[in-house]
Amino acid sequence: VQDCVALAALVAAPLLEAIEDPTLDNVDRNHLLSDWLVEMGSQITLTKRLHEQLRQMFLTLRRFNRRSSGRRKRGRGRVTKEAVQLLEISLRANGRPLDELELVEPQSVEQVYFAPTHEKVVSLTFDDGPSAANTPRILRTLTHYGVRATFFVLGERVEKMPELTASIAKAGHEVGNHTWSHRSLRSLWKSQIREEVCRTNAAVRSATGLRPALFRPPFGRFAPSAVPLLGALGMDMVLWSSDGTDWDTDDPAVIAARIVKEAKPGGIILLHDSHAVTVAALPLVIQGLRARGYQIQSVGEATGLAPYGD
């Protein structure tokens with residue numbers, strides 16, 4: 001039983017991390033707990049007694065979730081214990097000896113904020129597209145200045161605009177994966193993360209013939225469970241060193257000034273082709289970076305990471 005509890009605690013770790021995530025409100029926590037119980041319940045054959053245990057466990061967890069923030073800290077210990085108990089029930093119901101559980105060695109995943117160079121090279125990246133209103137204008141600007149960039153696209157938008165997505169790749173830019181629906185990975189189960197990533201890869205492949213190998217998590221947030229999943233998919237995680245904050249101002253000069261001032265060798269710059277102000281800021285950004293002696297390369301070029309996989 002001790003081995004079973006230890007293994008259960010390991011499996012429960014992503015749940016407990018999500019429960020304690022300060023960025024989640026009680027509604028998010030309730031969804032997480034409910035989904036977790038559904039997933040665990042789908043993996044076991046429930047007897048009447050086990051079903052009742054699961055139901056009582058859910059009610060207890062739901063009561064915890066409804067507690068006031070002032071009492072939340074005291075309740076965490078009990079949630080930890082009960083999460084372990086629930087997993088122990090599930091493991092026992094499966095009737096599988098612990099030595100039959102296969103442990104898979106995770107593949108390595110690069111988590112990149114900077115390109116590994118001391119040269120004056122930076123990368124421009126665009127998130128949340130494609131945008132019918134803005135992406136074509138950004139592409140024209142990049143072509144005019146002879147700049148290659150990296151676009152981290154949303155699968156649900158790729159599905160609606162496959163031709164526009166294809167035009168990004170045809171223009172020589174890289175197309176990366178930014179999930180299907182831009183949900184925070186910290187609020188998703190591993191199976192949901194896999195669906196968000198794989199569904200987007202399939203949409204991009206359908207539109208361009210290429211499968212992205214570069215991934216950027218929404219909001220730059222990710223759960224530890226996402227890292228081995230990306231490794232198994234042969235993908236690397238690209239974050240950023242400088243945020244243009246084009247989501248926070250309507251003044252293109254402010255965006256350009258911030259980016260140019262913060263530029264450092266190997267820097268990866270975050271912008272969004274979902275905002276019209278980015279279109280106006282982009283020429284100022286390129287001109288300002290070049291005035292400081294910077295070359296602009298795609299993420300794949302600057303980092304040496306393969307932008308696409310098999």
Side-chain angles (χ1 to χ4, degrees), residues 110-154 164-165 167-178 212 214-220 236-308:
E110 293 286 343
Q111 298 176 40
V112 179
Y113 294 83
F114 281 89
T117 180
H118 297 292
E119 302 294 326
K120 299 187 79 171
V121 172
V122 294
S123 299
L124 295 179
T125 65
F126 299 89
D127 286 12
D128 299 354
S131 160
N134 302 322
T135 303
R137 299 164 66 192
I138 288 174
L139 291 176
R140 287 194 292 270
T141 300
L142 294 173
T143 298
H144 176 76
Y145 286 97
V147 171
R148 292 186 66 209
T150 303
F151 290 75
F152 289 95
V153 297
L154 296 173
L164 181 53
T165 306
S167 71
I168 297 173
K170 288 178 181 177
H173 306 292
E174 296 167 354
V175 181
N177 187 319
H178 197 41
L214 301 179
F215 174 79
R216 173 171 285 168
F219 314 107
D236 293 305
M237 189 181 301
V238 179
L239 296 144
W240 59 87
S241 60
S242 177
D243 185 350
T245 61
D246 48 355
W247 46 267
D248 192 40
T249 179
D250 293 326
D251 188 340
V254 170
I255 295 170
R258 181 181 293 119
I259 290 173
V260 173
K261 179 181 179 180
E262 294 180 356
K264 293 180 175 60
I268 298 175
I269 298 165
L270 170 65
L271 290 165
H272 300 81
D273 49 339
S274 55
H275 299 302
V277 67
T278 309
V279 178
L282 185 56
L284 303 177
V285 170
I286 295 172
Q287 294 166 12
L289 289 171
R290 286 180 170 173
R292 286 193 57 195
Y294 278 92
Q295 300 179 48
I296 304 173
Q297 298 180 349
S298 68
V299 168
E301 290 176 306
T303 62
L305 297 175
Y308 305 108

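What's counted below: heavy atoms across the whole structure, side chains too, no hydrogens, waters or symmetry copies.
- Heavy atoms from other residues, nucleotides or ligands lying under 6.0 Å from CG of Asp250 number 12 at most.
- In this structure, a donor-acceptor pair under 3.5 Å is absent between the side chains of Asn134 and His275.
- Here CH2 of Trp247 is found 8.5 Å from NE2 of His272. Values are rounded to the nearest 0.5 Å.
- Take Thr143 and apply the side chain to side chain donor-acceptor pair (under 3.5 Å) test, not counting sequence neighbours, and it matches no residue.
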Before giving the answer on side chain to side chain contact (heavy atoms under 4.5 Å, CB included), spell out for Ile255 and Leu284 the whole-Å C-alpha distance, their side-chain angles and the decisive distance to 0.1 Å. CA-CA 9 Å; Ile255 295 170; Leu284 303 177; over 6 Å; no

Report the C-alpha separation of Leu282 and Tyr145 in whole Å, then their side-chain angles, then the decisive distance to 0.1 Å, and conclude whether the side chain to side chain contact (heavy atoms under 4.5 Å, CB included) test is met. CA-CA 10 Å; Leu282 185 56; Tyr145 286 97; over 6 Å; no

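- Note that OG1 of Thr245 and CD1 of Ile259 are 7.5 Å apart. Values are rounded to the nearest 0.5 Å.
- Heavy-atom minimum distance, Leu271 versus Gly244: CD2-CA, 4.2 Å.
- Taking the side chain as every heavy atom from C-beta outward, Asp248 and Asp243 never approach each other to under 4.5 Å.
- Every side chain to side chain donor-acceptor pair (under 3.5 Å) that Glu262 has, sequence neighbours left out, goes to Ser242.
- Atom CD in Glu119 sits 11.0 Å away from atom OH in Tyr294 (nearest 0.5 Å).
- Closest approach of Val285 to Ala256, counting heavy atoms only: CG2-CA, 3.8 Å.
- Atom CZ in Arg137 sits 12.0 Å away from atom CG in Leu139 (nearest 0.5 Å).
- Judged purely by atom type and a 3.5 angstrom limit, Asp236 uses its side chain to pair as donor or acceptor with the backbone of Glu110.
- Applying the salt bridge (charged side-chain N to carboxylate O under 4.0 Å, His left out) criterion to Asp273, with sequence neighbours excluded, gives no partner residue.
- Between the side chains of Tyr308 and Glu174, no donor N or O sits under 3.5 Å from an acceptor N or O.
- Using a 4.5 Å heavy-atom cutoff, the side chains of Leu124 and Ile286 are in contact.
- Annotation for Ser298 and Ala149: closest pair CB-O, 4.0 Å, computed over non-hydrogen atoms.
- In this structure, Thr125 and Ile269 approach most closely via the heavy-atom pair OG1-O, 2.6 Å.
- The minimum heavy-atom distance linking Ser131 with Leu164 is given by the pair O-CD2, 3.5 Å.
- In this structure a side-chain-to-backbone donor-acceptor pair under 3.5 Å is missing from Ser274 to Gly129.
- Atoms OG1 and CZ, from Thr150 and Arg216 in turn, are 8.5 Å apart once rounded to the nearest 0.5 Å.
- The side chain to side chain donor-acceptor pair (under 3.5 Å) check on Gln297 picks up nothing, with sequence neighbours excluded.
- Shortest non-hydrogen contact noted between Pro252 and Val277 is N-CG2, 3.8 Å.
- In this structure, OH on Tyr113 lies 10.5 Å from CD1 on Ile268, to the nearest 0.5 angstrom.
- When the ring pair (Phe, Tyr, Trp, His ring centres under 6.0 Å) test is applied to Phe219, the partners found at least two apart in sequence or on another chain are His182.
- For Phe151, the ring pair (Phe, Tyr, Trp, His ring centres under 6.0 Å) partners at least two apart in sequence or on another chain are Phe126, His173.
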